[in-house]
> 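There's a structure below that I have some questions on.
Throughout, protein chains are lettered first and strands after them, A, B, ... in sequence-line order, and every chain is numbered starting at 1.
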There are 2 protein chains.
Amino acid sequence: MKYTEAKEELIQAWGNLGYSWGLNKTMAQIHALLMVSPRSLSTEEIMQELSISRGNANMNIRALLDWGIISRILIPGERKEYFKSEKDIWALARQVAKERRKRELEPILKVLREVNDVQSDGSDEAKELKRVVKDLKNFAEKSDGLLETFIKSEESWFWNVVLKIMK
Amino acid sequence: MKYTEAKEELIQAWGNLGYSWGLNKTMAQIHALLMVSPRSLSTEEIMQELSISRGNANMNIRALLDWGIISRILIPGERKEYFKSEKDIWALARQVAKERRKRELEPILKVLREVNDVQSDGSDEAKELKRVVKDLKNFAEKSDGLLETFIKSEESWFWNVVLKIMK
DNA sequence: CTAAACTTTCAATACTTTTTGAAAGTATCC
DNA sequence: GGATACTTTCAAAAAGTATTGAAAGTTTAG
């Protein structure tokens, strides 16, 4: 397989994976591009490589900065901004986990804690609801704890544990 | 908080969580409704409760059946079909993990294995690409293994390990 | 200060996904 | 068989999301 072909396939594939991690397609592609690039790239170059508009590039670069998975590089003497991505995939996964926890898990935990106070009127429906809320809350809290552990973990430490699990 | 209010909030919240798990909003809401319902419901009842059309209800019920997270119930003497959901949340999570693994992780693993054969032409770009592919492949394979372990796990067993990790 | 080099915004547009509802299909009953 | 009670399909409409590009904004240099 040729280099450019491989690069395009990878950007495409990583784009899909990123999408399933909760980024959008362009975000994930920009990220992939920065991943495979040995030097940091300017907005202009990103637009070019991915054939996207300035606005689109700008918005998604900002979103990536916001997620904390790429960073701005200022090159002395240059006015343009350059960007590079986090290249350690575990660090990236931890960062994504952190953001998703904030965006997705926290809101549902809040609702579950509220709904937990529902007064049962003794009906089957209310009893079932109470049971489900209890289970969900328990699940969500445990997931939250696990995520937190993962987010704070050192790669090597995490690895050792995972290997132990999978043995 | 009142029962109906709590129920609606929960369906809403679960709808959002399900969405972030890769189900669509209606799918997740139907699932939530079945979760909190002490008895199985017919298509008609689901349409009613969620104010959705017959077509929509039908399509999403089929998708949920397809994911294997709800099941069809036939009540003797009745012609209608009823549906009930898996109520064990861990079993549900395992099922979702299984489907997503098939739909998302497997395709990227396939691409990574292909791209892995790229011939380096000695350029920095090609070297970087090779490095990234190697890392990603490693990561994806390890995630795949971990997911597999989770999917096949018994709840209690998994729990013990998780608790150990989090201690 | 003005021009140049950039970055950001945003209304319009294009694209994707979801939802609707009526029509077609299927199974069961008498 | 025909009527009834359902389920499924699917083209059209609506809703949601992403993308464009030109205009406005900002920063730096001279």
> If you measure from the Lys or Arg side-chain nitrogens to the Asp or Glu carboxylate oxygens, is any gap between B:Asp135 and B:Arg131 under 4.0 Å?
yes
> With side-chain contact (heavy atoms from CB on, under 4.5 Å) as the test, pick out the partner of A:Leu41 among A:Ile30, A:Ile70, A:Ile46.
A:Ile46
> Can you tell me how far C1' of C:dT19 sits from CE of B:Met47, to the nearest Å?
12 Å
> Below 3.5 Å is the cut-off: list the nitrogen or oxygen pairs between protein and nucleotides 7-15 of chain C, distance only.
residue : atom : partner : partner atom : Å
C:dT7   : OP1  : A:Glu81 : N            : 3.1
C:dT8   : OP2  : A:Asn58 : ND2          : 2.6
C:dT9   : OP2  : A:Arg62 : NH2          : 2.2

> side-chain hydrogen bond (donor to acceptor under 3.5 Å, both in side chains): which pairs involve residues 69-78 of chain A, sequence neighbours left out?
A:Arg72-A:Glu81, A:Glu78-A:Tyr82
> Please work out which residues in residues 95-105 of chain B have a non-hydrogen atom less than 4.0 Å from an atom of DNA chain D and list them by number.
none
> What residues, two or more places apart in sequence or in another chain, satisfy salt bridge (charged side-chain N to carboxylate O under 4.0 Å, His left out) together with B:Glu106?
none
> Salt bridge (charged side-chain N to carboxylate O under 4.0 Å, His left out) with B:Glu114: which residues, sequence neighbours excluded?
B:Lys110
> What is the distance, to the nearest angstrom, from the CD atom on A:Gln48 to the P atom on D:dT20?
14 Å
> Given that A:Glu78 and B:Ser53 both sit by DNA chain C, which one's nearest nucleotide is further toward the 5' end?
A:Glu78
> Hey, what else clusters with A:Met47 if you join Ile, Leu, Val, Met, Phe, Trp, Tyr whenever side-chain heavy atoms sit under 4.5 Å?
none
> The test is salt bridge (Lys or Arg N to Asp or Glu O under 4.0 Å); show your working for A:Lys80 and A:Glu45 and say whether it passes.
CA-CA 11 Å; A:Lys80 265 200 268 282; A:Glu45 288 167 308; over 6 Å; no
> According to a strict under-4.0 Å criterion, is B:Thr26 in side-chain N/O contact with OP1 or OP2 of C:dT18?
no
> Charged N to carboxylate O below 4.0 Å: is that the case for A:Glu86 and A:Arg94?
no
